[in-house]
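In what follows, every chain begins at residue 1, and chains take the letters A, B, ... in the order their sequences are listed.
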Protein chains: 2
Amino acid sequence: MSSPRRITLKDLAQHLGVSTASVSNAFNRPDQLSPKLREHILSEARRLGYRGPDAKARSLRTGRSQIVAVVLAESLTYSLNDAVASELLSGIAEVLDAHGHTLLLLSGRQDVSQMPGSSSIADGFIIYGLMPSLLLLDELPLPGQRPLVAVDFDLEGQPTVHVDDEPACHAIADHALATPPRRPAVINLRLTRHPCNARIAPDQELLPADRTITRSRLAGFHRAFAEHGIDPATVPMWNIEENTFDVCAPVIAEILDLPHEQRPDLLLCMSDRIALTVVTLAEQRGLRIPEDLRITGFDGIAEGQYRSPRLTTVRQDSVEKGRVAARMILGLEPMESRRLTTELLVGETCP
Amino acid sequence: MSSPRRITLKDLAQHLGVSTASVSNAFNRPDQLSPKLREHILSEARRLGYRGPDAKARSLRTGRSQIVAVVLAESLTYSLNDAVASELLSGIAEVLDAHGHTLLLLSGRQDVSQMPGSSSIADGFIIYGLMPSLLLLDELPLPGQRPLVAVDFDLEGQPTVHVDDEPACHAIADHALATPPRRPAVINLRLTRHPCNARIAPDQELLPADRTITRSRLAGFHRAFAEHGIDPATVPMWNIEENTFDVCAPVIAEILDLPHEQRPDLLLCMSDRIALTVVTLAEQRGLRIPEDLRITGFDGIAEGQYRSPRLTTVRQDSVEKGRVAARMILGLEPMESRRLTTELLVGETCP
DNA sequence: GGAGGTTTCTGTATCGATTTAGTTAGGAGT
DNA sequence: ACTCCTAACTAAATCGATACAGAAACCTCC
């Protein structure tokens, strides 16, 4: 019946009696041929069902694919359900879209070296979050020449996008400590590359923290503690392994179920998700917020601002983080590490 | 200083004094050469910083890219924040990941013909939701030979994945009507390709509904109405344009603010997002649920089951929908339209 | 020792475009 | 009429791999 093979640019050129160069130019460089011929080629292409130059061949020849890969440290399932990651992706997609690029999603794997080979098709890479196995850039099975930007973690000499973590955390802790707590505590997120979902000794684990972003945030808290006459080493700290309700809940339950005289009355949380889980579990236990327990978050996700009581938190613009990263990859902005500013949102959980 | 150009398979072969075929085989077909040579090639490749065969060239030659494109009808920003779409993506990603494929995300555009050319790189396509401009398959600027599956809408003779919409909606309506309402009403979602965010005449708009999935759901409702002695034509119907709080809210407010004697006492909603918005706005107005107002949803998203009052709804397994679609594309499952089963969840909003 | 069968390796055509350098034709200027 | 310039078009090299057909080497067995 019909041709067994897909029609190619060459077939079309032969059929029209013109060179392949002209057909190519008809699609890519209108200035290189007469409008008349161009129109003729284009209409004949349509008639024969030629859908335009093949992306695979084109990208091989030109070296560019118009595809940007986003490597997410966590699993895709997690990332798609996380408000902050979703916002980041929105921001990235917005910019890529506006410039005719598309987004290749690579889910986090325990071992970076097992990344699918097809990922090397991308023109650039945005890496989000700490890759457990990523110690050195050389381990990345990516073509070394492509632009790469890391979001929310530091990677060798690569450009990074994050927020002013230290000042932001100093500010919110400073605000929280204005009403002096008797027993402050910190609930931490992903401190090191090693899994840990429990209480940790405050000072001891701090130095080897390879999650530099979390280290900066803790530094902000600690500076505020010191300024308010609290020895940071005396502030208890818990670590949460994954930023989800299910993983948070047991650790938080453990904290809230401490004997009354040991239970913290101020909880500085590393994320809104954690803080919201604290709110939920505290309410279940009949604790009054903020009278019995004051809570702060980090991120400024929508849910925290809709729900009652409204969360006291630091708003970071994750959509903008995505935009910036994408613009760097596309070369619309210099590839230099950037820190976006944040905003202190004083809600009802810690007035 | 170092080589200006990236090292290629050919360079490596020359350097080693073997053929390019052997190097290629070392990476792709271990059985085709001696373990000794293979090891030698691989280690030398590592030493010289060769990161493996270039994906662009490989995909041109083999015709496959290990990339599956997901085309989302709505904007990416919307899709990433929608629980159902996120679940679908998780399911797709899960299967693709397990089989070494990656996911190319194409955000919805008003005009399908403007899809970026790079999309033609994909081995297959999953289309989710009604594309406003997509009337005929030929309009898709995709290589015709590639597998394509549509999720949650019907497209010509293409295979489709959705759930048993009609029976599911019949079941939940039948349950809701067990307590006979005085004034039932339906809140609809995306009925036609034309935007509409307001009340609509019940019968008139039904026939041209090109959103076949919504039409099936309505048919289920109507069958139940008829069985319970209610003339479907007398049931008022509202249409929601986008499944988000902000877009729902004004329409729902309009419904709830109707004079008491006109206000519905049973609202059958096409999605949990709509139903949850009804709950929120009804509570703000001091309406008692389910005494003053009974509400049903559709989807079975997590939020609806966590929040109080628990939603009465139909649970559909969107993750599984994604898995099925992905398995079809990968050829792990026959390319035949499938309807997944659903489950009636009786919660507190309509006991 | 030679026929026959494996295993291992190589030479080269090919995938489908883009692009450079170059040819041809037509027009302008003197 | 001749040179020179520009516009329109083309021939062929190239991008970086894969895979086929076939050569070479190595066994095995009568």
>> Any base atoms under 4.0 Å from B/Arg38, or only sugar-phosphate, or nothing? Heavy atoms, all strands.
In response: nothing
> Which comes earlier along DNA chain C counting from the 5' end, the contact point of B/Thr62 or that of A/Phe27, where each point is its nearest nucleotide?
Replying inline: B/Thr62
> Whole Å only: how far is the NZ atom of B/Lys10 from the C1' atom of D/dA13?
Replying inline: 11 Å
>> Taking only side-chain N and O atoms of B/Tyr50, does any of them lie within less than 4.0 angstrom of OP1 or OP2 on D/dA17?
In response: yes
> What integer distance in Å separates B/Arg58:CZ from D/dC15:C1'?
Replying inline: 16 Å
> Once you round it to whole Å, what is the distance between P of C/dA17 and CG of B/Leu60?
Replying inline: 9 Å
> Between C/dT8 atom C1' and B/Glu39 atom CD, what is the distance in whole Å?
Replying inline: 17 Å
> Less than 4.5 Å apart, any side-chain heavy atom of A/Ile329 and any of A/His101?
Replying inline: no
>> Between A/Ser24 and C/dT18, is there a contact of a side-chain N or O with OP1 or OP2 at under 4.0 Å?
In response: yes
> B/Ser19 side chain N/O closer than 4.0 Å to the phosphate oxygens (OP1, OP2) of C/dT10?
Replying inline: yes
>> If we count only N and O atoms by modelled type, under 3.5 Å, do the side chains of A/Asn25 and A/Ser22 hold a donor and an acceptor together?
In response: no
> Can you check the B/Asp123 CG to C/dC15 P distance for me, whole Å?
Replying inline: 18 Å
>> Quick test of your reading of the model: are B/Lys321 and B/Asp152 salt-bridged, counting only N-O distances below 4.0 Å?
In response: yes
> Does the base of D/dT14 carry an N or O that pairs as donor and acceptor with the side chain of A/Arg61 under 3.5 Å?
Replying inline: yes
> What integer distance in Å separates A/Gln32:CD from C/dT20:P?
Replying inline: 10 Å
> Start at the 5' end of DNA chain D and walk down; is the nucleotide closest to A/Thr20 or to A/Ser34 reached first?
Replying inline: A/Ser34
> Choosing from C/dG11, D/dA17, D/dC15, which nucleotide comes nearest the side chain of B/Ala21?
Replying inline: C/dG11
>> With a 4.0 Å cutoff (strictly under), does any side-chain N or O of B/Asn25 reach OP1 or OP2 of D/dA19?
In response: no
> Roughly how many Å is it from CG in B/Leu9 to C1' in D/dT18, rounded to a whole number?
Replying inline: 9 Å
> Counting any heavy atom closer than 4.0 Å, what does B/Leu33 reach on the DNA or RNA strands: base, sugar-phosphate only, or nothing?
Replying inline: sugar-phosphate
>> Between B/Glu320 and B/Arg338, does any side-chain N to carboxylate O distance fall below 4.0 Å?
In response: no
> Across the strands shown, which category fits A/Ser22 at heavy-atom distances under 4.0 angstrom: base, sugar-phosphate, nothing?
Replying inline: base
> Looking just at side-chain N and O atoms, do A/Ser79 and A/Asp82 make a donor-acceptor pair shorter than 3.5 Å?
Replying inline: no
>> Measuring from the side chain of B/Asp54 (C-beta onward, heavy atoms only), which nucleotide among C/dC9, C/dG11, D/dG16 has the closest atom?
In response: D/dG16
> Roughly how many Å is it from CG in A/Leu37 to P in D/dT10, rounded to a whole number?
Replying inline: 7 Å
> Can A/Asn81 and B/Ser86 be counted as having a side-chain donor-acceptor contact under 3.5 angstrom?
Replying inline: no
>> Considering every strand and a 4.0 Å limit on heavy-atom distances, what is the contact class for B/Val18: base, sugar-phosphate, or nothing?
In response: sugar-phosphate
